Number of protein chains: 2
Amino acid sequence: MIHSSNERYHLKLIENGIQSSFQRIQVLKYLYECEGHANAEDIYQALHGEIPTLSRTTIYNTLNLFLEKGLVRVISIDGVEKRYDVILADHGHFKCESCEKIFNFPVEMDRIPLEGLVGFQVTEKNVYFNGLCPDCIQTKNQKGK
Amino acid sequence: MIHSSNERYHLKLIENGIQSSFQRIQVLKYLYECEGHANAEDIYQALHGEIPTLSRTTIYNTLNLFLEKGLVRVISIDGVEKRYDVILADHGHFKCESCEKIFNFPVEMDRIPLEGLVGFQVTEKNVYFNGLCPDCIQTKNQKGK
DNA sequence: TTCTCTGCAAACGCTTTGCACGGAT
DNA sequence: ATCCGTGCAAAGCGTTTGCAGAGAA
């Protein structure tokens, strides 16, 4: 059901001063549904089945437009991949070194001490952790038996 | 004086199970001297004056070797650039949106609450902030007058 | 009609790969 | 003689650009 609850995303685009289109709605919808950790290729793979004529250029155009309008931000946990995040509330990102999934976790950014940044004007805060997620820890323990 | 205090870096390489070479010493030295925020091109530009035959391939080979041996880690504040960090003690990175310089600042990672990561095993913690550095704030204020 | 979204093709920049030379062991 | 570090050239990959056709306003 490709059209379910598209109205919500349609409005979100307009709210942010972005002209709505089918492709843009689908990209935004996908970003929300995957919890905002997709890269351009993920989005392309997810959508070009339903929109066979979809081009990667459109994905890139759309993501850059969203970025410019403040609808998404870029995250990059290890400097290799560029991923897009729609959830702008305070949260950190955790990347599992084994399964490579990215998890959100709440972080009260205000509790991070800023003594070292006197005189700086901070506009964005990112916290990136790496390690093993519960599933992968369990898998490893089972193998070890 | 290209050879000044190279012994220190020579030993550092051997300590980390890396066969020493002139190029590798120079790369490591540069990473320490620039406080660890260089990308491959920075290193190439800095060194190929003194080592005219130096190739970018060697820089990449060397950085990947260092990474593998745990001598450096990759940082990427905005997902666009891959930079290498040799300073492994607890610190955050601040990138100025105007002059694009990267600053270190001390962060006590242990004070970041982990309630959201129960069951996870955290091996690496990164804190990336963006904003304006004191110099650029001043420059902007002067323009505004 | 006019504007702009879309998407193909080509260009681009950074990084990796294949391979051969040369120095070190 | 063997091994490994180096570096040229070419390939690879993700992203951007130029441009033309389609669709919306």
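Just so we're clear, the structure is a prediction, and the values are computed from it rather than from any experiment.
The phosphate of dT16(C) (OP1 or OP2) has no side-chain N or O of Tyr60(B) nearer than 4.0 angstrom.
The side chain to side chain contact (heavy atoms under 4.5 Å, CB included) test with Arg83(B) is passed by exactly one of Ile75(B), Val72(B), Val74(B): Ile75(B).
In this structure, Phe103(B) has its ring center closer than 6.0 angstrom to the ring center of Phe120(A). Here the two rings, on Tyr84(A) and Phe66(A), have centers that are 6.0 Å apart or farther.
Atom NE2 in His48(A) sits roughly 11 Å away from atom P in dC8(C) (whole-Å rounding). The separation between Gln45(A) atom CD and dG14(D) atom C1' is 14 Å, rounded to whole Å. The separation between Glu68(B) atom CD and dT15(C) atom P is 18 Å, rounded to whole Å. In this structure, Phe66(A) atom CZ and dT15(D) atom C1' are separated by 17 Å, rounded to whole Å. Here the C1' atom of nucleotide dG14(D) and the CD1 atom of Ile43(A) are 14 Å apart, to the nearest Å. Atom CD in Gln19(B) sits roughly 13 Å away from atom P in dC3(D) (whole-Å rounding). At whole-Å resolution of the value, CG in Asp42(A) and C1' in dG14(D) are 13 Å apart. Distance, Ile59(A) CD1 to dT15(D) C1': 13 Å, rounded to whole Å.
The backbone N or O of Ile18(A) sits nowhere less than 3.5 Å from a side-chain atom of Asn16(A) that would complete a donor-acceptor pair.
Across all strands, Arg24(B) comes closer than 4.0 Å only to sugar-phosphate atoms, never to a base (heavy-atom distances). Among the atoms of the strands shown, only primed sugar atoms or phosphate atoms (P, OP1, OP2) are found under 4.0 Å from some heavy atom of Ser21(B). Asn64(B) comes within 4.0 angstrom of the backbone, heavy atoms only, and of no base. Nucleic acid contact class of Glu41(B) (heavy atoms, under 4.0 Å, all strands): none.
In terms of polar N and O atoms assigned as donor or acceptor, the side chain of Thr57(B) comes within less than 3.5 Å of the base of dC8(D) in a complementary pairing.
Checked against dT6(C), dT6(D), dC8(C), the side chain of Ser55(A) finds its nearest nucleotide in dC8(C). Side-chain atoms of Ala40(B) lie closest to dT15(C) of the nucleotides dG7(C), dT6(D), dT15(C). Of the candidate nucleotides dG7(D), dT15(C), dG7(C), dG7(C) has the atom lying nearest to any side-chain atom of Asn61(A).
Judged by a 6.0 Å distance limit and a 45° cone about the ring axis, Arg24(B) is not positioned over the six-membered ring of Tyr9(B).
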